[in-house]
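Since this is a predicted model, take the numbers as computed values, not measurements.
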Amino acid sequence: MFKKKKRRSRAFKETSQVINLDEARKKRKQKRELIAGKKYKAKKLKTKITQRQAGQKVRRRMVCFCVFVAVAFILGASVFSIVSLKIAEAKTIQEQESLLAEKSRLEKTLSQVNEPEYIEQQARKQLRMIKPGEILYILPGDSTDNTTSDGVSNSQENE
């Protein structure tokens, strides 16, 4: 649309002087070094630190230290929380496994409850019942209610 005009300085148009690029580069480089040297010397000369600057420096260090301590505390608390949760998870998984084993044992017992052999076994153990014609012997070492089959002795088997 609009063409941009190339602009040149009037001084360049009016002079027909030939410019040596190497010399111009050297002059620019020397000028930059001179400016950089002055800035460096100015910084080097300004080594005196006032009390106010020293106080600000101490405050900055204290703030940085406090921030570092706060971050370290937060990270430590997070790590502690994660570790304690992992320990609790391991205990819960172990408890779950033991409960599942107990559940399977109880389900097995429940499936046997209505069978005649199980009913007879429990009647003999817990209620000390005997069949007609059998004799029950109670030994002195067996005073608990939950006696084993050693506490019950069958002298005659009549079925």
**Prompt:** With a cut-off of 6.0 Å (strictly less than), are more than 12 heavy atoms of other residues, nucleotides or ligands near CD of E33?
**Reply:** yes
**Request:** Enumerate the residue pairs fulfilling salt bridge (Lys or Arg N to Asp or Glu O under 4.0 Å) with a member in residues 112-121, sequence neighbours excluded, ordered by first and then second residue.
**Result:** E120-R124, E120-K131
**Request:** Could you tell me whether the side chain of R28 reaches within less than 4.5 Å of the side chain of R25, counting heavy atoms only?
**Result:** yes
Would you mind writing out the side-chain donor-acceptor pairs for residues 55-73 within the sub-3.5 Å range, not counting sequence neighbours?
none

So how far is it from [X] [atom1] to [Y] [atom2], rounded to the nearest 0.5 Å?
| X | Y | atom1 | atom2 | answer |
| --- | --- | --- | --- | --- |
| L34 | Q30 | CG | CD | 9.0 Å |
| S111 | L106 | OG | CG | 11.0 Å |
| L110 | E107 | CG | CD | 8.0 Å |

[X]: which residues meet the side-chain contact (heavy atoms from CB on, under 4.5 Å) condition with it, sequence neighbours left out?
| X | result |
| --- | --- |
| E23 | N20 |
| R105 | E102 |
| L100 | Q96 |

**For V113 against I119, the heavy-atom pair lying closest together** = O-CG1, 3.4 Å
**Message:** Using modelled atom types and a 3.5 Å cut-off, is there a donor and acceptor pairing between side-chain atoms of S81 and backbone atoms of A77?
**Reply:** no
**Request:** Any chance you could pull the hydrophobic cluster mates of V79, using side-chain heavy atoms under 4.5 angstrom and chaining through other members?
**Result:** V83, I87
**Request:** Step by step, work out the side-chain contact (heavy atoms from CB on, under 4.5 Å) result for Q112 and K108.
**Result:** CA-CA 7 Å; Q112 294 176 351; K108 183 179 176 184; 3.9 Å; yes
**Item:** Audit row: L85, E89, side-chain contact (heavy atoms from CB on, under 4.5 Å) steps and yes/no
**Value:** CA-CA 6 Å; L85 286 174; E89 180 185 22; over 6 Å; no
